[in-house]
Amino acid sequence: MFNIILFGPPGSGKGTQSEKLIAAYGLKHLSTGDLLRSEITRQTPLGLEAKSIMDRGQLVPDEVVVGMISSALEANPQAQGFLFDGFPRTVAQSEALDKLLNLKNTSIGVVLALQVTEEELVQRLLNRGLTSGRSDDTNESVIRARIKEYQDKTSVVADYYSQFDKVVNVKGEGSVEEIFAALCSEIDKRMS
Ligand code: AP5
(Lines give C-alpha, C1' and ligand atoms only; values in the text may rest on other atoms or scores of the structure.)
Protein backbone atom coordinates (compact mmCIF):
# COMPACT_ATOMS: atom_id res chain seq x y z
CA MET A 1 0.00 0.00 0.00
CA PHE A 2 1.38 3.44 -0.93
CA ASN A 3 -0.27 6.50 0.65
CA ILE A 4 0.22 10.08 -0.50
CA ILE A 5 -0.63 13.46 1.03
CA LEU A 6 -1.14 16.13 -1.62
CA PHE A 7 -0.40 19.27 0.35
CA GLY A 8 -0.68 22.97 -0.38
CA PRO A 9 -2.69 26.14 0.22
CA PRO A 10 -6.24 26.73 -1.06
CA GLY A 11 -6.17 26.95 -4.85
CA SER A 12 -2.77 25.31 -5.26
CA GLY A 13 -4.23 22.58 -7.50
CA LYS A 14 -4.73 19.71 -5.05
CA GLY A 15 -8.15 18.73 -6.41
CA THR A 16 -7.08 19.12 -10.05
CA GLN A 17 -3.97 16.97 -9.64
CA SER A 18 -5.72 14.43 -7.37
CA GLU A 19 -8.08 13.41 -10.17
CA LYS A 20 -5.16 12.65 -12.47
CA LEU A 21 -3.08 10.90 -9.80
CA ILE A 22 -5.83 8.54 -8.64
CA ALA A 23 -6.41 7.51 -12.26
CA ALA A 24 -2.69 6.94 -12.84
CA TYR A 25 -1.92 5.03 -9.62
CA GLY A 26 -5.24 3.38 -8.68
CA LEU A 27 -5.46 5.17 -5.34
CA LYS A 28 -8.59 5.98 -3.33
CA HIS A 29 -9.12 9.76 -3.21
CA LEU A 30 -10.03 11.14 0.24
CA SER A 31 -10.78 14.87 0.21
CA THR A 32 -12.12 16.27 3.48
CA GLY A 33 -13.43 19.34 1.59
CA ASP A 34 -15.49 17.08 -0.71
CA LEU A 35 -16.70 14.98 2.24
CA LEU A 36 -17.80 18.15 4.07
CA ARG A 37 -19.54 19.58 0.99
CA SER A 38 -21.42 16.27 0.61
CA GLU A 39 -22.63 16.62 4.22
CA ILE A 40 -23.77 20.19 3.44
CA THR A 41 -25.67 19.07 0.31
CA ARG A 42 -27.42 16.34 2.32
CA GLN A 43 -28.17 18.90 5.06
CA THR A 44 -26.92 16.60 7.82
CA PRO A 45 -26.35 18.07 11.33
CA LEU A 46 -22.59 17.86 10.67
CA GLY A 47 -23.02 19.66 7.35
CA LEU A 48 -25.12 22.42 8.89
CA GLU A 49 -22.48 22.97 11.60
CA ALA A 50 -19.59 22.90 9.09
CA LYS A 51 -21.17 25.28 6.56
CA SER A 52 -20.96 28.42 8.67
CA ILE A 53 -17.33 27.66 9.57
CA MET A 54 -16.38 27.01 5.93
CA ASP A 55 -18.17 30.16 4.78
CA ARG A 56 -15.90 32.16 7.11
CA GLY A 57 -12.82 30.44 5.65
CA GLN A 58 -11.93 28.76 8.94
CA LEU A 59 -11.03 25.16 9.71
CA VAL A 60 -13.72 22.83 11.06
CA PRO A 61 -12.81 21.07 14.35
CA ASP A 62 -10.16 18.34 14.20
CA GLU A 63 -12.42 15.67 15.72
CA VAL A 64 -15.00 16.18 12.94
CA VAL A 65 -12.57 15.64 10.05
CA VAL A 66 -10.61 12.88 11.81
CA GLY A 67 -13.92 11.04 12.36
CA MET A 68 -14.78 11.37 8.67
CA ILE A 69 -11.36 10.07 7.60
CA SER A 70 -11.51 7.18 10.08
CA SER A 71 -14.89 6.11 8.63
CA ALA A 72 -13.60 6.45 5.06
CA LEU A 73 -10.55 4.27 5.82
CA GLU A 74 -12.82 1.63 7.37
CA ALA A 75 -15.15 1.76 4.37
CA ASN A 76 -12.32 1.01 1.91
CA PRO A 77 -10.52 -2.11 3.18
CA GLN A 78 -9.54 -3.20 -0.34
CA ALA A 79 -7.85 0.10 -1.35
CA GLN A 80 -4.36 -0.21 -2.83
CA GLY A 81 -3.46 3.11 -1.23
CA PHE A 82 -4.99 6.48 -0.33
CA LEU A 83 -4.47 9.96 -1.72
CA PHE A 84 -5.24 12.51 1.02
CA ASP A 85 -6.30 15.92 -0.35
CA GLY A 86 -6.89 18.80 2.08
CA PHE A 87 -6.12 16.53 5.04
CA PRO A 88 -4.29 16.68 7.43
CA ARG A 89 -4.50 20.42 8.04
CA THR A 90 -3.21 20.62 11.62
CA VAL A 91 -0.50 18.78 13.54
CA ALA A 92 -3.22 17.09 15.64
CA GLN A 93 -4.81 15.77 12.41
CA SER A 94 -1.38 14.52 11.25
CA GLU A 95 -0.81 12.63 14.48
CA ALA A 96 -4.31 11.14 14.32
CA LEU A 97 -3.75 10.05 10.70
CA ASP A 98 -0.46 8.36 11.59
CA LYS A 99 -2.24 6.39 14.32
CA LEU A 100 -5.09 5.35 12.00
CA LEU A 101 -2.67 4.19 9.30
CA ASN A 102 -0.55 2.39 11.88
CA LEU A 103 -3.63 0.33 12.84
CA LYS A 104 -3.73 -0.77 9.19
CA ASN A 105 0.03 -1.57 9.23
CA THR A 106 0.74 1.20 6.75
CA SER A 107 2.02 4.80 6.73
CA ILE A 108 2.44 7.91 4.59
CA GLY A 109 4.86 7.29 1.69
CA VAL A 110 5.33 10.89 0.60
CA VAL A 111 3.96 14.40 1.17
CA LEU A 112 3.90 16.33 -2.11
CA ALA A 113 3.74 20.06 -1.30
CA LEU A 114 2.55 22.33 -4.13
CA GLN A 115 4.22 25.77 -4.15
CA VAL A 116 2.13 28.68 -5.53
CA THR A 117 2.36 32.42 -4.81
CA GLU A 118 -0.44 34.06 -2.83
CA GLU A 119 -1.54 36.39 -5.65
CA GLU A 120 -1.84 33.43 -8.06
CA LEU A 121 -3.93 31.54 -5.45
CA VAL A 122 -6.32 34.47 -5.00
CA GLN A 123 -6.70 34.93 -8.77
CA ARG A 124 -7.40 31.22 -9.37
CA LEU A 125 -10.04 31.06 -6.62
CA LEU A 126 -11.76 34.29 -7.69
CA ASN A 127 -11.90 32.91 -11.26
CA ARG A 128 -13.32 29.61 -10.05
CA GLY A 129 -15.87 31.50 -7.93
CA LEU A 130 -17.42 32.90 -11.12
CA THR A 131 -18.76 29.44 -11.99
CA SER A 132 -18.17 26.93 -9.16
CA GLY A 133 -21.06 27.82 -6.88
CA ARG A 134 -18.67 27.46 -3.92
CA SER A 135 -19.64 30.16 -1.45
CA ASP A 136 -16.10 30.33 -0.04
CA ASP A 137 -14.73 31.32 -3.49
CA THR A 138 -16.92 34.34 -4.19
CA ASN A 139 -15.45 36.84 -1.78
CA GLU A 140 -11.80 37.92 -1.74
CA SER A 141 -11.76 38.50 2.02
CA VAL A 142 -12.91 34.89 2.65
CA ILE A 143 -10.27 33.62 0.20
CA ARG A 144 -7.59 35.59 2.07
CA ALA A 145 -8.94 34.25 5.40
CA ARG A 146 -8.53 30.68 4.04
CA ILE A 147 -4.94 31.44 3.04
CA LYS A 148 -4.25 32.98 6.48
CA GLU A 149 -5.71 29.89 8.18
CA TYR A 150 -3.35 27.80 6.04
CA GLN A 151 -0.35 29.93 7.04
CA ASP A 152 -1.27 29.96 10.74
CA LYS A 153 -2.37 26.35 11.28
CA THR A 154 -1.60 24.17 8.26
CA SER A 155 1.86 25.09 6.98
CA VAL A 156 3.34 23.49 10.15
CA VAL A 157 2.06 20.12 8.89
CA ALA A 158 4.96 20.19 6.41
CA ASP A 159 7.38 20.66 9.33
CA TYR A 160 5.77 17.70 11.10
CA TYR A 161 6.37 15.37 8.11
CA SER A 162 9.81 16.87 7.38
CA GLN A 163 11.10 15.35 10.61
CA PHE A 164 10.43 11.95 8.97
CA ASP A 165 12.01 13.13 5.69
CA LYS A 166 8.74 12.71 3.79
CA VAL A 167 8.18 16.15 2.24
CA VAL A 168 8.95 17.06 -1.37
CA ASN A 169 8.24 20.58 -2.65
CA VAL A 170 6.85 20.72 -6.20
CA LYS A 171 6.35 23.89 -8.24
CA GLY A 172 2.57 24.34 -8.54
CA GLU A 173 2.64 26.99 -11.28
CA GLY A 174 2.78 26.12 -14.97
CA SER A 175 0.49 23.87 -17.01
CA VAL A 176 -1.56 21.16 -15.29
CA GLU A 177 0.32 18.55 -17.37
CA GLU A 178 3.77 19.87 -16.39
CA ILE A 179 2.86 19.80 -12.71
CA PHE A 180 1.35 16.31 -13.05
CA ALA A 181 4.57 15.03 -14.66
CA ALA A 182 6.65 16.49 -11.81
CA LEU A 183 4.39 14.85 -9.20
CA CYS A 184 4.54 11.47 -10.99
CA SER A 185 8.32 11.66 -11.15
CA GLU A 186 8.53 12.12 -7.36
CA ILE A 187 6.03 9.31 -6.69
CA ASP A 188 7.81 6.90 -9.04
CA LYS A 189 11.14 7.52 -7.29
CA ARG A 190 9.62 6.52 -3.95
CA MET A 191 7.40 3.66 -5.13
CA SER A 192 10.19 1.75 -6.84
P1 AP5 B 1 -11.08 22.31 0.56
O2 AP5 B 1 -12.22 21.82 -0.21
O3 AP5 B 1 -9.99 21.35 0.93
O4 AP5 B 1 -10.53 23.55 -0.20
P5 AP5 B 1 -9.09 24.24 -0.27
O6 AP5 B 1 -7.96 23.64 0.44
O7 AP5 B 1 -9.44 25.63 0.10
O8 AP5 B 1 -8.71 23.90 -1.67
P9 AP5 B 1 -9.40 24.20 -3.03
O10 AP5 B 1 -10.33 23.10 -3.41
O11 AP5 B 1 -10.00 25.56 -3.04
O12 AP5 B 1 -8.10 24.24 -3.92
P13 AP5 B 1 -7.19 23.08 -4.49
O14 AP5 B 1 -5.82 23.16 -3.94
O15 AP5 B 1 -7.88 21.74 -4.43
O16 AP5 B 1 -7.09 23.58 -5.98
P17 AP5 B 1 -7.98 23.18 -7.26
O18 AP5 B 1 -7.38 22.00 -7.95
O19 AP5 B 1 -9.41 23.10 -6.86
O20 AP5 B 1 -11.57 22.95 1.95
C21 AP5 B 1 -12.67 23.86 1.98
C22 AP5 B 1 -12.98 24.16 3.44
O23 AP5 B 1 -13.39 22.93 4.12
C24 AP5 B 1 -11.83 24.69 4.29
O25 AP5 B 1 -11.70 26.08 4.15
C26 AP5 B 1 -12.26 24.25 5.70
O27 AP5 B 1 -13.24 25.11 6.20
C28 AP5 B 1 -12.89 22.89 5.45
N29 AP5 B 1 -11.92 21.79 5.55
C30 AP5 B 1 -11.55 20.93 4.54
N31 AP5 B 1 -10.67 20.03 4.98
C32 AP5 B 1 -10.45 20.34 6.30
C33 AP5 B 1 -9.61 19.78 7.30
N34 AP5 B 1 -8.80 18.74 7.04
N35 AP5 B 1 -9.63 20.34 8.53
C36 AP5 B 1 -10.45 21.37 8.82
N37 AP5 B 1 -11.27 21.96 7.91
C38 AP5 B 1 -11.27 21.44 6.66
O39 AP5 B 1 -7.69 24.44 -8.19
C40 AP5 B 1 -8.19 25.72 -7.86
C41 AP5 B 1 -8.50 26.46 -9.17
O42 AP5 B 1 -7.28 26.65 -9.88
C43 AP5 B 1 -9.43 25.69 -10.12
O44 AP5 B 1 -10.28 26.58 -10.78
C45 AP5 B 1 -8.44 25.02 -11.11
O46 AP5 B 1 -9.03 24.79 -12.36
C47 AP5 B 1 -7.34 26.05 -11.17
N48 AP5 B 1 -6.03 25.46 -11.46
C49 AP5 B 1 -5.55 24.25 -11.01
N50 AP5 B 1 -4.29 24.03 -11.46
C51 AP5 B 1 -3.96 25.14 -12.20
C52 AP5 B 1 -2.78 25.51 -12.92
N53 AP5 B 1 -1.70 24.72 -12.99
N54 AP5 B 1 -2.79 26.71 -13.57
C55 AP5 B 1 -3.87 27.53 -13.50
N56 AP5 B 1 -5.02 27.21 -12.84
C57 AP5 B 1 -5.07 26.04 -12.19
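Every number for a ligand or one of its atoms is a count from 1 in the order of the listing. Everything numeric in this text was worked out from a predicted model, so none of it was measured.
Side-chain atoms of Arg42 and Ser38 form a donor-acceptor pair, as typed in the model, at a separation below 3.5 Å.
The 4.0 Å heavy-atom shell around ligand 1 contains residues Pro9, Pro10, Gly11, Ser12, Gly13, Lys14, Gly15, Thr16, Thr32, Gly33, Leu36, Arg37, Met54, Gln58, Leu59, Val60, Val65, Gly86, Phe87, Arg89, Gln93, Arg124, Leu125, Arg128, Arg134, Asp136, Arg146, Gly174, Val176, Ile179, ordered by chain and number.
Ile147 and Val156 fall into different hydrophobic clusters, where Ile, Leu, Val, Met, Phe, Trp and Tyr side chains are chained together by heavy-atom contacts under 4.5 Å.
Between Arg146 and Glu140, no side-chain nitrogen of the basic residue sits less than 4.0 Å from a carboxylate oxygen of the acidic one, so the salt-bridge criterion is not met.
No donor-acceptor pair closer than 3.5 Å links the side chain of Ser12 to the backbone N or O of Leu114.
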Between Thr106 and Asn3, does a side-chain hydrogen bond (donor to acceptor under 3.5 Å, both in side chains) hold up when you go through it step by step? CA-CA 8 Å; Thr106 185; Asn3 306 299; 2.8 Å; yes
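In this structure, the side chains of Asn102 and Asp98 stay at 4.5 Å or more apart for every pair of heavy atoms.
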